[in-house]
Each structure stands twice: as structure tokens, then as C-alpha cells.
Amino acid sequence: MTRDVSIRATPTKHALTSRDQPLVAVYRAEPLRRELALLATEHGSLAGLPLRLLTRELDVARVEADPLASFDCDTWEDLAAARARIRDHGDVLDEWITAVKDELGIELDVDTRVLLDLARDAAHGVARPAAPLTTFLVGYAAAQAGGSGKDVADAARKATALALRWAAEAEADGPKNDAG
């Protein structure tokens, strides 16, 4: 049987129950449209209606997920805690980099902090879209230079210095042009 929606269920603070997270879900389009139309007809508008009115009429499959897969942020304190957990959970980047290297057939040890700092400096010193473009170009330059981790670090250092120079020049000239 095909369900209308698969919703992430997260444990509550009491850990004996779980709470549906309807914003972390996969909805089938037709049942969703049908229920939205019915709710709009019944209430005159969808504005201000709680999401539970929608989900209670759908055939729901509850899916348990890793606690770090999403965060329920109802308060500013919840948001601060979620941000702290994301910062503390650096393993996801290491796992991602390992998976990408495996997929691309790359054997290279690289300091991801150097590349993340470069991306930050390019985004803030030049324009947000400069971040992925700059890291791509650094990778390309490193490959041209031999492809070692040292080559990546050297190219990243040069690009970071350039981004910081651009930021300093833009600051001296007035407001920066952020294309993103």
C-alpha cells in the first residue's frame, strides 16, 4: 500500500513518545493537493491554519531517523542548541568528503578547514557565488601543480590572500557588490 506521506518522527524530551515533524516529510502530490483544497474550502483560507489539520487526514507512514537528521526549533533556545549541535557534529563533513573522494576515485588528504575558510573569505570578500567557484579553481590549480595536499594548501593560501585583498579594496572603495 502506498502512503500519502512519510513523516519523520522524533523522540520527545521524555523519550517514550515521538512527535511528527511534518516539515521533514515526503508528500505525494495528489493527496496533498486534495487535502489542501478541502481545507481551503472548509476554512475559507489556509492562512493561519495548523499543519496538523492537513496531516491528520493523510495516510501517514512514520519514519524514524537519526536524531541529527533534523532539528525541531520552536524557540530561539532550540535554534541555538541546533546550531551548536551542527557545529559540534563535524563528522558529517568528514563522511561527505570521504564519500565524494570514493565516488570520484580520489586519494587525497586535504584540510577541509582550509577550504572552508577559503570559501568563507571568497563569499564575504568578493560575492557569495565566488565561494564554490573559487574552491573549484583551487582544486583545478592544485591538480595542475601535481595534486598533492600541499598543492591544495598552496593554491588555497593564494586564493585566500586574493579574496582578502579584494575585501580590503572594496571596503576602502565603499559598499561591496554582492551578486548572490
* Minimum heavy-atom distance G149-L108, with the two atoms named -> N-CD1, 3.3 Å

* Could you give me the CA-CA distance, side-chain angles and deciding distance for K150 and D154, then say whether salt bridge (charged side-chain N to carboxylate O under 4.0 Å, His left out) is met? => CA-CA 6 Å; K150 181 185 178 311; D154 290 345; 2.7 Å; yes

* Asked: Charged N to carboxylate O under 4.0 angstrom, R113 versus D117?
  -> no

* Structure fact -> Value for CG (D121) from CG (L116), rounded to nearest 0.5 Å, stands at 11.0 Å

* **Gap separating the CD1 atom of I106 from the CG atom of D109, nearest 0.5 angstrom** => 12.0 Å

* To do: List for me each residue that meets side-chain contact (heavy atoms from CB on, under 4.5 Å) alongside L133, sequence neighbours excluded, and say none if there are none.
  => none

* Can you name the closest pair of heavy atoms from A142 and A155 and give their distance? -> N-CB, 4.4 Å

* Flag yes if L164 and V126 sit in one hydrophobic cluster, no otherwise; membership is Ile, Leu, Val, Met, Phe, Trp, Tyr, and two members link when side-chain heavy atoms are under 4.5 Å apart. => no

* Asked: Crowded around Q144 CD? As in, over 12 foreign heavy atoms under 6.0 Å?
  -> yes

* For the residue pair Y27 and T55, establish whether any side-chain heavy-atom pair is separated by less than 4.5 Å. => yes

* To do: For atom CG of D102, decide whether the heavy atoms of other residues, nucleotides or ligands shown that lie under 6.0 angstrom number more than 12.
  => yes

* To do: Verify, without hydrogens or angle tests, whether D78 (side chain) and T75 (backbone) share a donor-acceptor contact under 3.5 angstrom.
  => yes

* To do: Considering non-hydrogen atoms only, spot the tightest contact between A131 and A119 and give its length.
  => CB-O, 3.4 Å

* Is there a donor-acceptor contact under 3.5 Å from the side chain of D151 to the main chain of S148? -> yes

* To do: Evaluate the side-chain proximity of V114 to V152: yes if any heavy-atom separation is below 4.5 Å, no if none is.
  => no

* Asked: Side chains of L49 and L54: closer than 4.5 Å at any heavy-atom pair?
  -> no

* To do: Please lay out, stage by stage, how R120 and T160 fare under the test side chain to side chain contact (heavy atoms under 4.5 Å, CB included).
  => CA-CA 9 Å; R120 179 202 59 223; T160 296; over 6 Å; no

* Asked: Are V100 and L118 connected in the hydrophobic side-chain network, where two residues link if heavy atoms are under 4.5 Å apart?
  -> yes

* Give, for atom CG of L36 and atom CG of L53, the distance between the pair rounded to the nearest 0.5 Å. => 11.0 Å

* To do: Please name the pair of heavy atoms, one in V138 and one in A159, separated by the smallest distance, quoted to 0.1 Å.
  => CG2-CB, 3.6 Å

* To do: Answer yes if L137 and L162 sit in the same cluster of Ile, Leu, Val, Met, Phe, Trp and Tyr residues linked by side chain heavy atoms under 4.5 Å apart, and no otherwise.
  => no

* Test item: L38 and E57 side chains (from C-beta on) under 4.5 Å apart, heavy atoms -> no

